[in-house]
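Written out below as structure tokens is the structure these notes cover.
Labels below follow one simple rule: chain letters A, B, ... track the order of the sequence lines, proteins then strands, and each chain is numbered from 1.
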There are 4 protein chains.
Amino acid sequence: MQESYCEKKEAILASAMELIAEHGFHGTPTSMIAEKAGVGTGTIYRYFESKDELIYALHKELERKIKKLILDRYNPNDPLRVRFMLLGKVILRYFIDNPNEFRFLEQFVYSPYGIACRREKIFGNNNQDNGNDILKELFNEGIAQQVIREMPVAILHSLFFGPIMSVARDRILGFIELDEAMITRTIESCWNAVKL
Amino acid sequence: MQESYCEKKEAILASAMELIAEHGFHGTPTSMIAEKAGVGTGTIYRYFESKDELIYALHKELERKIKKLILDRYNPNDPLRVRFMLLGKVILRYFIDNPNEFRFLEQFVYSPYGIACRREKIFGNNNQDNGNDILKELFNEGIAQQVIREMPVAILHSLFFGPIMSVARDRILGFIELDEAMITRTIESCWNAVKL
Amino acid sequence: MQESYCEKKEAILASAMELIAEHGFHGTPTSMIAEKAGVGTGTIYRYFESKDELIYALHKELERKIKKLILDRYNPNDPLRVRFMLLGKVILRYFIDNPNEFRFLEQFVYSPYGIACRREKIFGNNNQDNGNDILKELFNEGIAQQVIREMPVAILHSLFFGPIMSVARDRILGFIELDEAMITRTIESCWNAVKL
Amino acid sequence: MQESYCEKKEAILASAMELIAEHGFHGTPTSMIAEKAGVGTGTIYRYFESKDELIYALHKELERKIKKLILDRYNPNDPLRVRFMLLGKVILRYFIDNPNEFRFLEQFVYSPYGIACRREKIFGNNNQDNGNDILKELFNEGIAQQVIREMPVAILHSLFFGPIMSVARDRILGFIELDEAMITRTIESCWNAVKL
DNA sequence: CATGAATGAGTTTTCATTCAT
DNA sequence: CATGAATGAAAACTCATTCAT
């Protein structure tokens, strides 16, 4: 692994994540990030070309984590429904337990950053994106097995994950309570949306 | 002449909507809004106390429109499923046909503006918010009729509208195609998520 | 009197005086003056070339009033000391009774406006300035009678009126009390500064 | 290096003093101060929270200097009259030699800044203000010795310093000449105003 | 490598002044 | 004459980025 672990870089990423989650991109000057990270302002620019690059790095890192989460829990031997239920629960749980990462992701996705990023991922020559590939396969497998409705994968994705994001949001902002049973029922509903 | 229709104010609102949809709140200086609207920069401040107030006004206007849309289509004599299907389709169609408004709304909702606004609406003494009340009643009616799963209204809301927003987004950004049949199938899926 | 009395002009002058006394030159937009005067903003420019001209007019008006005050009370048959005492008391009393005019005058005198104005008056071809002439005569008469110290009139002026302005200020801002007896004693002191 | 002497901060203060003396607070944009100081506009805000804070700092600095001046010359063993004469002369001389500081002070004192400042000093819990305390003591001592008229200290202050400021002003604006002998005679007159 | 003082382009906002009605 | 909507130049202030140390 040539990306030698660097304490300062990690500190910058962690500070940025926390601060942006709370104050937003434009409410978080680089000086604030540097201060919280305990480094000089200039130091940020040794590790990232620009503030934008830092934000993209943050997103990439987060995406990597979530993909890992998916891959870790993905057991191809489980029945499809079980795999979906597990996936949904794991992701919802992850966001509830990591509200800063959720708040960051949300802000990223719906900002010009996220649009550009998403566009790149879909229309760019997406060489390897094995996290999404898993999801894609999962949906396709479900369609082939006639367990999931035959619809474009992107729509199935929205049907299954749209509510999860929305519920996570309400939970994190304190608008709803959410015990284990209710999480299960919620993911069940998501499944009902895509199943045949 | 009630509400003294004001050409310049309308032009400012329209320009702001369009530009913010594309460039985001912070990528849209007031000078840019003024220029596109064909007015002087100072003119904005004759109609809005500040840039923030302009943004809130934009949101309020949009909310009003959407509520009207809901109320117009809401026929209490239709069966529940029909009402939901209609509602989902109307909203999805509206966003597809008004992509700037959708892009604006999305950015608003996930920004500090939107969070404050939502919090106010939920925890504030929400005097009369008859657009949401309709939705709330709709869900409660469904639960009472044992047609909809017995879950907190906020979660049902997420289950039904989460995917709609997500699909609208993909459509507007050009990531998916969406003909009338697919819209119907998508809303059906949303219904499946909440139905018993 | 060709300067035909004009209600609106008077209203503008009165409003400006009051507002500037309280908020200062730069804390008083023309729109505020117009509103208080009950006229349109544009109307100000029918009577005054610019905001600066309005301010100069205000000062001129005030100076005229004070000169009148002096001339009214000036009885050449009184002994010099009596004339001075009366003058001092009348002026101090005027400022105490008209705090807005005092606050305006003070701000004017010590601002770039006042400097320019004063310079003009001293070095310009001061055709007729009979208010100051009276004062000048008064001091010269005192010197001639060997009742007043032989010093440049400007210095005598400072010695006599400097304390009066300073005391008026403290009184108006509420820093000191000032009954009739104390006023008399104060003016006596001013006299002591200039008398032989 | 105590107080870490900072070249740029000094340059900003000096430029601000000079420019405000000439053009007034509102005639001196921060950009002008920065340019004259040979720094970027942003640099001002590294050293001062706001333009207002810069102005307060300027005043504080000046007050400190003047207090030092007073304390340096104050010899409690001199007869009272001598002490007063010396004080008056020193202060008048200082203003004549530092016209920018005088012009600044004058504008400050008669502006909302100065009023607030003065009010604070009089009514606030003035912990230690040993410059003014010296003056206060001086007047009280004079009263006790029956050398100075028994009047409120604030009024005595006006009687003694009012003319000094007024004369300094006339001198600085070039309205009068003022040689050493005339300075002495002027301060004598100030003394005559307060002496018994 | 790391720093943080310095920068100045860019942002929001104000307000004296104009001019079509 | 009177108006007040419209203007845009100018102001205070911020902050991503650089670079000398």
Which of these nucleotides, E:dA2, F:dA2, F:dA6, is closest to any side-chain atom of B:Thr43?
F:dA6
Look at the side-chain N and O atoms of A:Lys8 and state whether any lies under 4.0 Å from the OP1 or OP2 oxygen of E:dT3.
yes
Without decimals, in angstroms, what is the distance between B:His26 NE2 and F:dT14 C1'?
13 Å
Decide yes or no, distance alone: a donor-acceptor N/O pair under 3.5 angstrom between the base of F:dA11 and the side-chain of D:Ser31.
no
What is the nucleic acid contact for C:Tyr47, judged by heavy atoms within less than 4.0 Å: base, sugar-phosphate only, or nothing?
sugar-phosphate
To the nearest Å, give me how far apart NZ (A:Lys51) and P (F:dC15) are.
8 Å
Report yes if at least one side-chain N or O of B:Thr30 is closer than 4.0 Å to OP1 or OP2 of E:dT12; otherwise report no.
yes
Which of these nucleotides, E:dA2, F:dA11, F:dT3, is closest to any side-chain atom of A:Arg46?
E:dA2
Which nucleotide in the list F:dA5, F:dA16, E:dA5 gets nearest to the side chain of A:Tyr45?
F:dA16
Would you kindly give the CZ-to-P distance between B:Phe25 and E:dT11, to the nearest whole Å?
16 Å
Per D:Ser50 side chain, nearest of listed nucleotides F:dC15, F:dT17, F:dC13
F:dC13
Can you check whether any acceptor in the base of E:dA16 is under 3.5 Å from a donor in the side chain of C:Thr41, or vice versa?
no
Take atom CD of A:Glu49 and atom P of F:dA16, then tell me their distance rounded to the nearest Å.
16 Å
Residue whose closest nucleotide on DNA chain F lies nearer the 5' end, D:Thr28 versus B:Gly40
B:Gly40
I need the CD1-C1' distance between A:Ile44 and E:dA5, as an integer number of Å.
15 Å
Any strand, both distances under 3.5 Å, Watson-Crick or G-U wobble: F:dC1 pairs with none
